[in-house]
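What follows is a short report on a single structure.
Computed from a predicted model, the values in this text were never measured in an experiment.
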Protein chains: 2
Amino acid sequence: MTDPSAPSPAPTPPARTRREQIHEVASRLFSQRGYHGASMRDLAAELGMQGGSLYAHISGKEALLIEIVEQAARQFEGALMDLQTDPRPADERLREAMARHLTVVAGNLESATVFFHEWKHLSPEAYARVTAWRDTTEAFYRDLVAGGVREGVFRADLDVKMTANLILSAVNWAYTWYRPGGRLSPREVADRYAGLLLDGLRPPPKEATP
Amino acid sequence: MTDPSAPSPAPTPPARTRREQIHEVASRLFSQRGYHGASMRDLAAELGMQGGSLYAHISGKEALLIEIVEQAARQFEGALMDLQTDPRPADERLREAMARHLTVVAGNLESATVFFHEWKHLSPEAYARVTAWRDTTEAFYRDLVAGGVREGVFRADLDVKMTANLILSAVNWAYTWYRPGGRLSPREVADRYAGLLLDGLRPPPKEATP
DNA sequence: CCTACCGATCGGTAGG
DNA sequence: CCTACCGATCGGTAGG
């Protein structure tokens, strides 16, 4: 990691790194085996330590789950929320939001899987925080759709809630099938999905030539 | 359940009922707490028996998971597969497939949740069977989309795989938000989703009036 | 970060 | 379907 010919201006703090390693391996194990199916001894073994040694770095198993899930929630939030003040028309904002959302999912498949599957095992307080984050994301997409209707970029007769549900389905469900190194980048998936949603499956109407 | 004024022509076999009760409660517990988070003693307690007594009815915990997951898979298959020979145009077939798919999800929220979350805990043989079922469903939607393109009902430039992914996202993700007794029936959700997918979010082009 | 250990709980079985 | 039990494993701690 360190180039011996160069000075090392900012030595990496090692304590932080170890915690991050634990988080990373825990994300993988929780996503593969589920929260209850992955044991602290499994986790320790993957890091080359004994089970009890983990507790020098973390306070417990649930704290690990909380941090993984809340970090994922913060990433979704950080990717989307500044789009609320974006001046572009709603169709462009939709394309951009889907691209960012899919980029977070695709770039964090393991913690996204933990976020979607294991959040129900959180203690009531953390559970409530995650529920609030989910509601915020849903409201973001509903507002985007409603804004598009107001702008005249979207149909006036849209069911705003169902439209937001459909968009969320597309970007969230990607955690089940998207694999890095596949045919399409997250942005390409977003472009195709947004194109389908905006223009629909039907062929464009022919020029009126009776 | 039995009308005392009427003769009972086919007495219900009680052994089958007990197994079905176990399946039903297991679906709920597995969906709420996850496969590894739900214990056999939890399950027995909900049925008013001791942990060991379950094994008079079932062979083990994993057999229970296999049966729940495979029953769900069979329901999806049974709902969709006869549509392959349906003579209607692809847009109508799409609407019907989504309605049936959503009806299975909405009518079996617990086992659908187990199907989507816990199948990764199956033994290799059952895992392979479920994977094959998933592939069949994906192929069904890809064929439907490709058929629509051939018929001229869908745009010629569709990305068939991504279109099928988008449809599957819509109908599968419903397990996370659909609740019985909500605003819309599964069929109404399907109608709205199919309408959005077919016609898109953009307003219809005005009649050419220059 | 390790050794050694705690009480609790796990899936499952024997014998009735 | 129950009682009583099996060995294994769980999350976590004490003391170094």
Side-chain angles (χ1 to χ4, degrees), chain A residues 12-69 114 117-127, chain B residues 12-69 114 117-127:
Chain A
T12 319
R16 205 174 150 254
T17 293
R18 202 48 165 160
R19 274 190 69 123
E20 284 176 352
Q21 278 179 43
I22 294 174
H23 272 70
E24 201 179 304
V25 178
S27 289
R28 195 180 79 243
L29 290 182
F30 288 174
S31 73
Q32 287 172 341
R33 309 181 195 176
Y35 175 66
H36 287 112
S39 78
M40 297 303 274
R41 283 169 179 82
D42 293 339
L43 175 56
E46 297 241 13
L47 292 156
M49 36 168 119
Q50 299 300 314
S53 306
L54 284 169
Y55 294 84
H57 300 97
I58 56 161
S59 65
K61 192 182 187 183
E62 211 215 323
L64 217 40
L65 177 62
I66 290 177
E67 286 165 45
I68 292 167
V69 168
V114 176
H117 284 197
E118 313 298 339
W119 70 302
K120 57 189 165 193
H121 301 125
L122 291 170
S123 61
E125 309 84 54
Y127 186 96
Chain B
T12 320
R16 205 175 148 256
T17 292
R18 202 50 166 161
R19 274 190 68 123
E20 284 176 354
Q21 280 179 41
I22 295 174
H23 273 69
E24 202 179 303
V25 177
S27 290
R28 194 180 79 243
L29 291 182
F30 289 174
S31 72
Q32 288 172 340
R33 310 183 194 175
Y35 175 66
H36 286 112
S39 78
M40 297 303 273
R41 283 169 179 82
D42 293 339
L43 175 56
E46 297 241 12
L47 291 155
M49 34 169 120
Q50 298 299 316
S53 306
L54 283 170
Y55 294 84
H57 300 97
I58 58 161
S59 65
K61 191 182 188 184
E62 211 215 324
L64 217 41
L65 177 62
I66 290 176
E67 287 165 44
I68 292 167
V69 168
V114 176
H117 284 195
E118 313 298 339
W119 70 303
K120 58 189 167 193
H121 301 125
L122 291 170
S123 62
E125 311 84 53
Y127 186 96

Item to check | Base paired to D:dG16 (Watson-Crick or G-U; both N/O distances under 3.5 angstrom) | outcome: C:dC1
Checklist entry - Under a 3.5 Å cut-off for both distances, is C:dC10 Watson-Crick or wobble paired, and to whom? => result D:dG7
Item to check | B:Tyr127 six-ring centre to B:Lys120 NZ/CZ under 6.0 Å and within 45° of normal | outcome: no
N or O in side chain of [X] less than 4.0 angstrom from [N] OP1/OP2:
{"X": "A:Tyr55", "N": "D:dT13", "result": "no"}
{"X": "A:Ser39", "N": "D:dT9", "result": "no"}
{"X": "A:Arg41", "N": "D:dG12", "result": "no"}

Roughly, in whole Å, what's the span from [atom1] in [X] to [atom2] in [N]?
{"X": "A:His57", "N": "D:dG12", "atom1": "NE2", "atom2": "C1'", "value": "16 Å"}
{"X": "B:His121", "N": "C:dG11", "atom1": "NE2", "atom2": "P", "value": "13 Å"}
{"X": "A:Arg33", "N": "D:dG11", "atom1": "CZ", "atom2": "P", "value": "11 Å"}
{"X": "A:Leu65", "N": "D:dG11", "atom1": "CG", "atom2": "C1'", "value": "14 Å"}
{"X": "B:Leu54", "N": "D:dT3", "atom1": "CG", "atom2": "P", "value": "14 Å"}
{"X": "A:Leu29", "N": "D:dC10", "atom1": "CG", "atom2": "C1'", "value": "15 Å"}
{"X": "A:Arg18", "N": "C:dC1", "atom1": "CZ", "atom2": "C1'", "value": "9 Å"}
{"X": "A:Arg19", "N": "C:dC1", "atom1": "CZ", "atom2": "P", "value": "13 Å"}

Next on the checklist: Just to be sure I understand the rule, does A:Gly51 reach a base, reach only the sugar-phosphate, or reach nothing, if contact means heavy atoms closer than 4.0 Å?
Outcome noted: nothing
Checklist entry - What nucleic acid atoms does A:Ala38 come within less than 4.0 Å of, heavy atoms only: base, sugar-phosphate, or nothing? => result sugar-phosphate
Any heavy-atom pair between the side chains of [Y] and [X] that's under 4.5 Å?
{"X": "B:Phe30", "Y": "B:His121", "result": "no"}
{"X": "B:Arg19", "Y": "B:His23", "result": "yes"}
{"X": "B:Ile58", "Y": "B:Met40", "result": "yes"}

Side chain of [X] (C-beta onward), nearest among [options]:
{"X": "A:Gln50", "options": "C:dC2, D:dC1, D:dG11", "answer": "C:dC2"}
{"X": "B:Met40", "options": "D:dC2, D:dT13, C:dG11", "answer": "C:dG11"}
{"X": "A:Lys61", "options": "D:dC1, D:dG11, C:dC1", "answer": "D:dG11"}

Checklist outcome for this item: Taken to the nearest 0.5 Å, the spacing of B:Tyr35 OH from B:Ile68 CD1 works out to 9.5 Å
